[in-house]
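Heavy atoms only: backbone and side chains are in, while hydrogens, waters and symmetry mates are out.
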Amino acid sequence: MMSGKYTSIDNQKVSGSVPAVPDPGHVAVRFTDSNLQTFPPSDAKGKISGGSGPPRDADDTFSKSTVGSDDSQPSGWFGWFSVASYKPYFDVDTSDVLERIKDSLFPFRGSFNEKTSSNPDLYGPFWICTTLIFVAASIGTFVTYVAHKLKKEQWNYDINLVTWSAGLFYGYVTIVPLGLYVILKYFSAPSGLIQLLCLYGYSLFVFIPALCLSIVPLDIFRWVVAGVAGLMSATFVALNLRAHIKSAGERWFLIVAAIFLLQLALAVVLKIYLFTVSV
């Protein structure tokens with residue numbers, strides 16, 4: 001009896017203070033289909049199939065250019081000190097670099113400038129010059145080491161071989177195209193500086209296998225290797241610039257001949273200082 005009384009009072013209090021909520025009945029809950037089980041998604045785009053882009057709900061804060069970022073290109077001569085100004089010249093694939101290296105090994109085609117006119121790069125020249133520096137230093141060190149050991153002479157590593165090679169290759173591939181750029185501009189036959197840097201950089205690739213062949217301890221063989229490499233490199237540069245330099249007037253032949261002889265002089269310098277081993 002007591003429990004029923006208290007229950008009745010409690011029911012009255014509850015019904016008086018809280019309104020009754022109608023029963024909505026059965027509610028069906030449905031979830032949208034997730035595409036996480038499909039990888040990659042059917043609409044994914046990449047470098048092969050097309051342009052890529054972030055998902056719609058992604059935070060694109062870092063994809064937008066802000067003040068002080070690399071993508072903001074300053075105007076005027078300040079652009080020379082901006083990293084973003086040089087990005088287009090490193091936008092090449094491995095296949096592009098290999099194709100241009102292949103063209104440099106077939107110098108009589110003379111079509112390198114035409115193929116790279118719309119997209120000259122600095123990645124290949126930088127990679128080739130850097131590789132030449134390490135190859136020249138390592139091959140030169142190895143050859144001198146073997147020569148000293150065969151004659152039972154004391155051998156010491158020459159660190160100047162690295163610095164000398166770096167100054168030679170980086171200096172040549174920078175100063176010579178820059179000087180040629182000024183000369184062509186003087187003769188009213190201007191050429192792009194980046195395209196000249198690209199041409200001269202790839203022209204040095206043939207010296208990489210030539211340096212590797214200098215391991216053979218025969219001086220006449222080393223002269224032949226240096227001569228063939230020099231002729232290939234000089235022909236590559238001269239034939240690719242001949243058609244353009246013809247517009248410079250009657251002196252175009254002298255300019256092409258000077259370019260050819262300068263490239264041969266580089267081969268002679270390499271033979272004397274890198275292909276020659278003295279104990």
Can you sort out the partners of [X] under ring-ring contact (aromatic ring centres under 6.0 Å, His included), two or more places apart, ordered by chain and number?
X      : answer
Tyr202 : Phe112
Phe205 : none
Trp164 : Tyr273

Check your understanding: Between Lys271 and Asp219, is the closest basic N to carboxylate O distance under 4.0 Å?
Key -> yes

Salt bridge (Lys or Arg N to Asp or Glu O under 4.0 Å) pairs touching residues 120-142, sequence neighbours excluded, are Arg100-Asp121

| task | Check for a donor-acceptor pair, side chain of Asp96 on one end and backbone N or O of Asp93 on the other, with a separation under 3.5 Å. | result | yes

In this structure, NE2 of His244 is separated from CD of Glu114 (nearest 0.5 Å) by 13.0 Å

Interatomic distance, CD1@Ile245 vs CG@Leu184, rounded to 0.5 Å, equals 5.0 Å

For residues 129-142, the side-chain hydrogen bond (donor to acceptor under 3.5 Å, both in side chains) pairs (sequence neighbours left out) are Thr130-Tyr170

Which of Ile194, Asn113, Thr116, Val173 passes side-chain contact (heavy atoms from CB on, under 4.5 Å) with Leu199? It is Asn113

Between [Y] and [X], is there a side-chain heavy-atom distance shorter than 4.5 Å?
X      : Y      : value
Leu241 : Leu180 : yes
Ile133 : Leu168 : no
Leu218 : Arg222 : no
Leu132 : Trp127 : no
Leu266 : Leu204 : yes

Those residues at least two apart in sequence (or on a different chain) that pass side chain to side chain donor-acceptor pair (under 3.5 Å) with Tyr172 are Gln263

